[in-house]
Amino acid sequence: MAAAATEELGFGITRIDAGYLDPGVACFYLLESDDEYAVVETGTQYSVPVLEALLDDRGIASEQVRYVIPTHVHLDHAGGAGAMMQRFPNAQLLAHPRGARHLIDPAVLVRSSRAIYGAEAFARLYGEIIPVEAERVLEVADGQRVEFGGRSLLLRHTPGHADHHFCV
């Protein structure tokens with residue numbers, strides 16, 4: 001897979017193309033504040049090496065990533081969550097209460113997605129979906145704030161695209 005494009009958006013936010021289907025179809029974001037980091041969205045398992053390369057280029061240790069935050073559990077947004085959590089030992093995964101169980105045990109997501117796409121297309125699009133350890137998942141309430149590196153993130157439940165969706 002070719003290296004994905006990144007773009008500095010200002011305010012300590014970097015947009016990273018997830019390399020899903022075509023350029024710009026799905027992106028995820030690295031947020032920085034006082035040498036701590038959060039990743040909003042994850043893309044798929046295939047997006048993780050792009051993030052690792054960016055962190056390496058910037059001299060950011062995996063221990064500095066504090067949060068992994070998929071806004072919902074559709075696999076183009078959260079398929080890489082388990083792989084990221086394996087690489088970021090100090091990170092906590094923030095999830096909507098209706099989606100958290102699917103990140104802890106993705107069997108239903110995998111089964112239904114394979115039924116839709118077929119096994120070959122599923123593997124090509126998403127790769128392996130790795131479960132996240134339950135003790136590392138924090139179910140976020142509507143209006144909850146989380147802090148990292150002096151930055152405050154407000155999390156709002158926003159059903160519509162998915163009933164398990166929230167915005168940061």
Any Y46 side-chain heavy atom under 4.5 Å of L125 side chain: no
Test item: L30 and I13 side chains (from C-beta on) under 4.5 Å apart, heavy atoms: no
No-hydrogen, no-angle side-chain donor-acceptor test under 3.5 Å, R58 and T14: yes
Y126 and Y117 aromatic centres sub-6.0 Å: yes
Flag side-chain contact, heavy atom, 4.5 Å: Q144 against L138: yes
Closest heavy-atom pair and its distance - P70, A78: CB-CB, 3.6 Å
Exercise: identify the closest heavy-atom pair between V68 and A91: CG2-CB, 4.2 Å
Donor-acceptor pair, side chain of R136 and main chain of L93, under 3.5 angstrom: no
Ring centroid separation Y20 to F28 under 6.0 Å: no
Non-hydrogen side-chain atoms of V39 and I69 separated by less than 4.5 Å: no
Option among H102, H165, H164 that satisfies the ring-ring contact (aromatic ring centres under 6.0 Å, His included) test with H74: H164
Side-chain donor-acceptor contact under 3.5 Å, S62 with R87: no
Whether H77 and H72 hold their rings parallel, tilted or perpendicular, with breakpoints at 30° and 60°: tilted
Backbone N/O of P23 and side chain of D17: donor-acceptor pair under 3.5 Å: no
Backbone N/O of R66 and side chain of N90: donor-acceptor pair under 3.5 Å: no
Pair H96 and H157, ring centroids less than 6.0 Å apart: yes
Close side-chain approach of C27 and E41, heavy atoms under 4.5 Å: no
Any Q45 side-chain heavy atom under 4.5 Å of I129 side chain: no
Close side-chain approach of E36 and E147, heavy atoms under 4.5 Å: no
4.5 Å side-chain heavy-atom contact, D34 and F148: no
Reference residue V168; test side-chain contact (heavy atoms from CB on, under 4.5 Å); the match among L154, V40, L94: V40
Side chain R114, main chain F122, donor-acceptor under 3.5 Å: no
